[in-house]
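Here's the structure, in structure tokens; my notes come after.
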Amino acid sequence: MVELIDVLIFSALLLMIGIGGIFLNRKNLIIILLCIELILLAVNTNFIAFAYFLNDLNGQIFVFFILTVAAAEAAIGLAILLLLFRNKGSLAVDDISELKG
Amino acid sequence: MLIALPEILTLALALLVLIVDLCFEKRVWVSMSVSLLGLGAILIVLLNMADTPDQSAFYGHYQFDQVALLLKASTILLTMIAIVYAYSYLSHSAAFSETEDMFRGEYFTLIILALLGMMVLISSGSMITAYLGLEMSSLTLYGLVAWNKRHFISSEASVKYFVLGSIASGLLLYGMSLVYGATGTLLLNDITFDIQQSGNLLLFGLVFMLVGISFKLGVIPFHMWLPDVYHGAPIVVTTFLSSVAKVAMFGLLFRLWAESIEESHQQTDMMLKIIALGSIVLGNVVAIAQKNIRRLLAYSSIAHMGFVVLGVLVASEEGYSSALFYVIIYALMSLGVFALLSFFLFKNREINELEELKGLGYRYPWQGFLLLVLMFSLASIPPTAGFYAKLLVLQSVIGADLIIEAVIALIFSVIGSFYYLRVVRYMYFDKTSNNEDLTFVLSQKGWNSTDRIIMLILSGNILLLILLGIYPTPLIEWSVAAMLY
């Protein structure tokens, strides 16, 4: 039987992979988009698990909203990356270092 | 009466502006006038609802109260002013170097959609609406920061804002999911944050939520995006971002944090205290080292937001109303200072470095005087409104027996006045070179009536800061009444 705590640990691991991926990745900005999706999926897992164990539908409804917003976010993120690629010709993380001080 | 009418009208207005832009593609001023008139009408509709008692709609997911009314009225008004200021910069932008023609009708649609997100956020009654409003304003702002499409700096700032903003939203959501698990409800009014009873799960969730909130507010330790975005974005977008968005993010802090936690709690208080004092210290100290005026103002904004959090920390009616007053005054100052800078060009591009302001006070006496007033107000020197805002916050902090915190905040804001006064020094005491490269956008092709009106509104905005410094009672009474309701 899967307990609540098992799901919570799973989603915490997903979250950590997502955040770790963003900060360790130095190669490609697209990977960052994937990691952001991972973070949101961790949140979704959390919500569904809580909704199931609390016997409350609200959490699952929230998940639909998060999925929709995640799609919009990915679209905007890809558009911005496209813009960056056109201006710079590269998507390497180390290359976006013009702004500092 | 429909209590969500202002939001519905704002959505309709955004779609209308989109269609108008399609019909009058070459005449962008039509879209601008439609959006200004529409926003004015929405403001009137909203102010007509002033006597409506507090109520909620959509099964408690949306709530209307006096705080929402005051915050929404100020965001709409500030947005209208920001659109007027943006006009001259955007319509001249084709002639600047380093930019392309940025005067396109979608700009106004995006601004109105961002405003809609902020209004939903301010009126949110549950975590769903808070999240949707937050994302709606953030997603449009990511796009607006990249408005200068051909310029590398603008897209780099947008990427940084997008990546860090998305992480913050993710962490905020993760916190929300834990809070939902600990309390079993999404409605903010039903959540009783009794930390002793619900145990560590709730506290864990609250920490994540605070990370997300403080990121969006732009306070330490999640402030790193702020200087880059202020620097990289087109300056009219920075104007919007640093004024209207700050008021809305105060709404986020108030709804998700201040209103939900009934009693102050040692652990949550400690977190807020570190954030508030850390922001005041770091913002004021790091700003001294800045040579770029936009980065300088970004660090100054971190320090000012620290004061807002300090007001919220007090967790009494007095504290909340002083924070509310502070954030509105700060938005007015920020709007004025970025708008004024957006009207100046150095070698036909946006103002960036502090040194580029040399001799401004002699070349353009009136504009120099306005910038002087703004700097005095940001440094909180009486008789400006900035002084009164800081006084109120410190008064409520001392009233809550937080003497050490008040002393630290005071010392570092005195240190902070150094860099504001340095701007004044560059303007008036640096006569070494007659700065021919510095030009004023509005007077480039001679003054026409639109330019005059814009200059008049800008002067009014800035002189209002002096007026509110001498006679602040109406706004203070309004913010106190909103909190007491």
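Heavy-atom basis, side chains included; hydrogens, waters and symmetry copies ignored. Within every chain, numbering begins at 1; the chains are lettered A, B, ... in the order of the sequence lines, protein sequences first and strands thereafter.
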Please look at [X] and chain A and tell me whether the side chain, the backbone, both or neither of the residue comes under 4.5 angstrom of a heavy atom of that chain.
X	result
B:Ala157	both
B:Leu187	neither
B:Phe208	side chain
B:Met136	neither

Problem - Heavy-atom contact with chain B under 4.5 Å, split by part of A:Ala12 - result: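 Contact with chain B is through both the backbone and side chain of A:Ala12.
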Handout entry: Residues of residues 64-71 of chain A with any heavy atom under 4.5 Å of a heavy atom in chain B
Key =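 Answer by number: A:Phe65, A:Ile66, A:Val69.
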Exercise for the section: Using a heavy-atom cutoff of under 4.5 Å, enumerate the residues of residues 28-36 of chain A that contact chain B, numbered in order, or state 'none'. Expected result: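 Counting heavy atoms that sit under 4.5 Å from chain B, the residues of residues 28-36 of chain A involved are A:Leu29, A:Ile32, A:Leu33, A:Ile36.
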Heavy-atom closest contact ([X] atom, [Y] atom, distance):
X	Y	value
B:Tyr174	A:Leu8	OH-O, 4.5 Å
B:Leu139	A:Ala72	CD1-CB, 3.9 Å
A:Phe62	B:Met127	CZ-O, 3.8 Å
A:Gly59	B:Leu186	N-CD1, 4.4 Å

Practice task
Sort out for me which of A:Leu84, A:Leu40, A:Ile19 touches chain B most, counting heavy-atom pairs under 4.5 Å.
Solution key: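 The answer is A:Leu84.
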For residues 44-58 of chain A, dump all side-chain donor-acceptor pairs below 3.5 Å to protein atoms at least two apart in sequence or in another chain.
unit_1: A:Thr45; atom_1: OG1; unit_2: A:Leu41; atom_2: O; d: 2.6
unit_1: A:Asn46; atom_1: OD1; unit_2: A:Ser11; atom_2: OG; d: 3.2
unit_1: A:Asn46; atom_1: ND2; unit_2: B:Ser177; atom_2: OG; d: 3.1
unit_1: A:Asp56; atom_1: OD2; unit_2: B:Tyr180; atom_2: OH; d: 2.7

I need the [X] [atom1] to [Y] [atom2] distance, nearest 0.5 Å.
X	Y	atom1	atom2	result
B:Leu173	A:Ile39	CG	CD1	10.0 Å
A:Ile80	B:Ser155	CD1	OG	9.5 Å
B:Lys149	A:Leu83	NZ	CG	7.5 Å

Problem - Qualifying salt bridge (Lys or Arg N to Asp or Glu O under 4.0 Å) pairs with a residue from residues 155-179 of chain B, counting only residues at least two apart or across chains - result: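 Every pair satisfying salt bridge (Lys or Arg N to Asp or Glu O under 4.0 Å) with a residue in residues 155-179 of chain B: B:Glu156-B:Lys160, B:Lys160-B:Asp228.
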